[in-house]
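Just below is one structure, and these are the notes that go with it.
Because only heavy atoms are used, hydrogens play no part in the values below, and waters and symmetry mates are left out as well, while side chains stay in. These figures come from a predicted structure and were not determined experimentally. Along the sequence shown, residues are numbered consecutively beginning with 1.
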Amino acid sequence: MTVLLVALALIALGLLLRLPVRGIAAMLGLLWLAVVLAHLVLPEASPILEALGGTLQHWLALGVVVAAALGYREILGRLRARAAAVAETPKAGTFSDAELDRYARHIVLREVGGTGQKRLKAAKVLVVGAGGLGSPSLLYLAAAGVGRIGVIDDDEVSNSNLQRQVIHTDARIGQPKVFSAEAAMKALNPFIEVRPYNRRLEKTEAEALFAEYDLILDGSDNFLTRYLVNAAAVAAGKPLISAAITQWEGQISLYDPARGAPCYACVFPEPPAAGLAPACAEAGVMGALPGVVGAMMAAEAIKEITGAGESLRGRMIIYDALYGESRVMKLKRRADCAVCGGV
């Protein structure tokens, strides 16, 4: 009876002090331990033991029963928490509540809808170059919810990049561009997977790497890489969205000989003579131009993945920012193309 009264007093004190359940349980545990120690230390004829009541065996048995009950309760709680976590994790092809809210403006578009957004989530897109064109493309692909985005580049962020390469920041000068881009994309959308490849694209790996993706975007800034990307995309049978910019003008097309459209080499069989198409470092480039053309690359990628609208397959847009003009050219395959002629 004495132990019961003390236990009730401890419970009342714990409730008065607004202690958590674990705190009250700890006090009761100390009380039980004190009773067990009393039975171990004091002689059997002690009046204290008579007041406490029971025997050592009784109190030990009580401790075992209570410990088993508490252990069962703890295990049950953890199992319930794990089941709840599994229930909250969206299955492949489904969206969490946060994702549904994030992509709501896509989902209400008739041309995209829930089906198109699922396609975006399942899509795998590789972007070659994390510079002027790659920056807006990567950001908008990430924002759109493209499930896996790969980016390959061997360059580092420099101060002169920041006039147009908006995915990078002043704080990340000196950092490899692919890791800078990864940080920006994951900060924008934690629901996507980013695969950075911090190296130059080489012919030996290009085709195998492209085979892992559904769509290739080329934002490189030199003809050697553009021809390499085109050849690897043709060999892998992947559609290629390629763009280029200089000074105030940009161009973009979707090259896909596997589906009847020309490849890049059909339109540009050979690189221009030296001096005719100088790089941006030599000729300069208006800072917002890659933003416009890079965003167009992302838009074409979203259309290609979702099946919305009419793609640029077999067409090229030439955008003149200086005069605010755009024109569209139709492109045809060349039967004698050295790259896709046999495809």
Check your understanding: Is a donor on one side and an acceptor on the other found under 3.5 Å between the side chain of Glu111 and the backbone of Lys303?
Key -> no
Review point. According to a 4.5 Å side-chain heavy-atom criterion applied to Ile, Leu, Val, Met, Phe, Trp and Tyr, with indirect links allowed, do Tyr103 and Leu109 form part of one hydrophobic cluster?
Key: no
**Study point:** Straight-line distance of Phe223 CZ to Leu228 CG, nearest 0.5 Å
**Key:** 14.5 Å
Point to revise | Reported CD1-to-CG distance for the pair Ile305 and Leu141, which is rounded to 0.5 angstrom | key: 7.0 Å
Check your understanding: Hey, what do you get for CD1 (Ile241) to CG (Asp256), rounding to the nearest 0.5 Å?
Key -> 10.0 Å
Exercise for review: Could you tell me whether the side chain of Cys340 reaches within less than 4.5 Å of the side chain of Cys266, counting heavy atoms only?
Suggested key: yes
Review point. Would you call Arg327 and Glu325 a salt bridge, using N to O less than 4.0 angstrom?
Key: no
Check your understanding: Quick one: does Asp101's side chain have a donor or acceptor within less than 3.5 Å of a partner on Ala98's backbone?
Key -> no
Exercise for review: Would you check if Tyr323 and Trp248 make a side-chain contact, meaning some heavy-atom pair closer than 4.5 Å?
Suggested key: no
Practice item. Please lay out, stage by stage, how Val267 and Ser253 fare under the test side-chain contact (heavy atoms from CB on, under 4.5 Å). Key: CA-CA 10 Å; Val267 184; Ser253 184; over 6 Å; no
Revision key, fill the gap. Taken to the nearest 0.5 Å, the spacing of Ile245 CD1 from Met286 CE works out to 9.5 Å
Review point. Would you say Gln251 and Met329 make side-chain contact, with heavy atoms under 4.5 Å?
Key: no
Review point. If every non-hydrogen atom of Ala142 is compared with every non-hydrogen atom of Asn189, which pair is closest and at what distance?
Key: O-ND2, 2.8 Å
**Study point:** More than 12 heavy atoms of other groups within 6.0 Å of Asp97 CG
**Key:** no
**Study point:** Arg333 side chain vs Pro257 backbone, donor-acceptor pair below 3.5 Å
**Key:** yes
Check your understanding: Any side-chain heavy atom of Val229 within less than 4.5 Å of one from Ser242?
Key -> no
Point to revise | Arg195 side, atom CZ; Ile152 side, atom CD1 - distance, nearest 0.5 Å | key: 13.0 Å
Study note, to complete from the structure: Closest non-hydrogen contact found for Ala321 with Leu289 is CB-CD1, 4.1 Å
Check your understanding: If every non-hydrogen atom of Glu300 is compared with every non-hydrogen atom of Leu312, which pair is closest and at what distance?
Key -> OE1-N, 3.3 Å
Check your understanding: Among the clusters formed by ILVMFWY side chains lying less than 4.5 Å apart, do Ile252 and Val328 turn up in the same one?
Key -> yes
Exercise for review: Flag the pair Lys118 / Phe95 as yes when at least one side-chain heavy-atom distance between them is below 4.5 Å, and no otherwise.
Suggested key: yes
Practice item. Identify whether Leu322 and Val293 are in the same connected component of the hydrophobic contact network (ILVMFWY, side-chain heavy atoms under 4.5 Å). Key: yes
Point to revise | Geometric cation-pi criterion, Arg199 with Tyr197: 6.0 Å, 45° | key: no
**Study point:** Step-by-step side-chain contact (heavy atoms from CB on, under 4.5 Å) determination, Val234 to Tyr264
**Key:** CA-CA 9 Å; Val234 171; Tyr264 181 83; over 6 Å; no
**Study point:** Check: Ser137 side chain, Gly294 main-chain N or O, donor-acceptor pair, under 3.5 Å
**Key:** yes
Study note, to complete from the structure: Paired with Ile216, the side chain to side chain contact (heavy atoms under 4.5 Å, CB included) test is passed by just one of Val127, Leu240, Asn230, Val125, namely Leu240
Check your understanding: What distance do Gln117 atom CD and Ile302 atom CD1 have between them, rounded to the nearest 0.5 Å?
Key -> 8.5 Å
Exercise for review: Could you tell me whether the side chain of Glu99 and the main chain of Ser96 form a donor-acceptor pair under 3.5 Å?
Suggested key: yes
Point to revise | Distance-minimising heavy-atom pair for Arg259 and Gly237 | key: NH1-O, 3.6 Å
Exercise for review: Evaluate the side-chain contact (heavy atoms from CB on, under 4.5 Å) criterion for residues Ile173 and Leu162: first the C-alpha distance (whole Å), next the side-chain angles of each, then the deciding distance (0.1 Å), finally the verdict.
Suggested key: CA-CA 9 Å; Ile173 289 176; Leu162 302 182; 4.1 Å; yes
Review point. Does Ile318 share a hydrophobic cluster with Phe268, counting links as ILVMFWY side-chain heavy atoms below 4.5 Å and allowing steps through other members?
Key: yes
Review point. Can any side-chain N or O of Asp320 pair as donor or acceptor with the backbone N or O of Glu249 at less than 3.5 Å?
Key: no
Review point. Lys177 pairs by side chain to side chain donor-acceptor pair (under 3.5 Å) with which of Glu182, Gln165, His168?
Key: Gln165
Practice item. For Ile167 and Ala130, work out which heavy atoms get closest and say how close. Key: CG2-O, 4.5 Å
Check your understanding: Does OH in Tyr213 sit with more than 12 non-hydrogen atoms of other residues, nucleotides or ligands closer than 6.0 Å?
Key -> yes
Check your understanding: Are Leu254 and Tyr140 connected in a single hydrophobic cluster, I mean Ile/Leu/Val/Met/Phe/Trp/Tyr linked by side-chain heavy atoms less than 4.5 Å apart?
Key -> no
Check your understanding: Under the 3.5 angstrom rule, does the side chain of Lys121 hit a backbone N or O of Thr94 as a donor-acceptor pair?
Key -> yes
Check your understanding: Counting only N and O atoms by type, is there a donor-acceptor contact under 3.5 Å from the side chain of Arg119 to the main-chain atoms of Thr306?
Key -> yes
**Study point:** Step-by-step side-chain contact (heavy atoms from CB on, under 4.5 Å) determination, Tyr255 to Leu331
**Key:** CA-CA 10 Å; Tyr255 302 102; Leu331 308 176; 4.2 Å; yes
Review point. Given side chains that start at C-beta, do those of Leu201 and Asp154 come closer than 4.5 Å, heavy atoms only?
Key: no
Check your understanding: Quick one: does Arg164's side chain have a donor or acceptor within less than 3.5 Å of a partner on Ser135's backbone?
Key -> no
Review point. Which heavy-atom pair separates Val157 from Thr169 by the least distance, and what is that distance?
Key: CG1-O, 4.3 Å
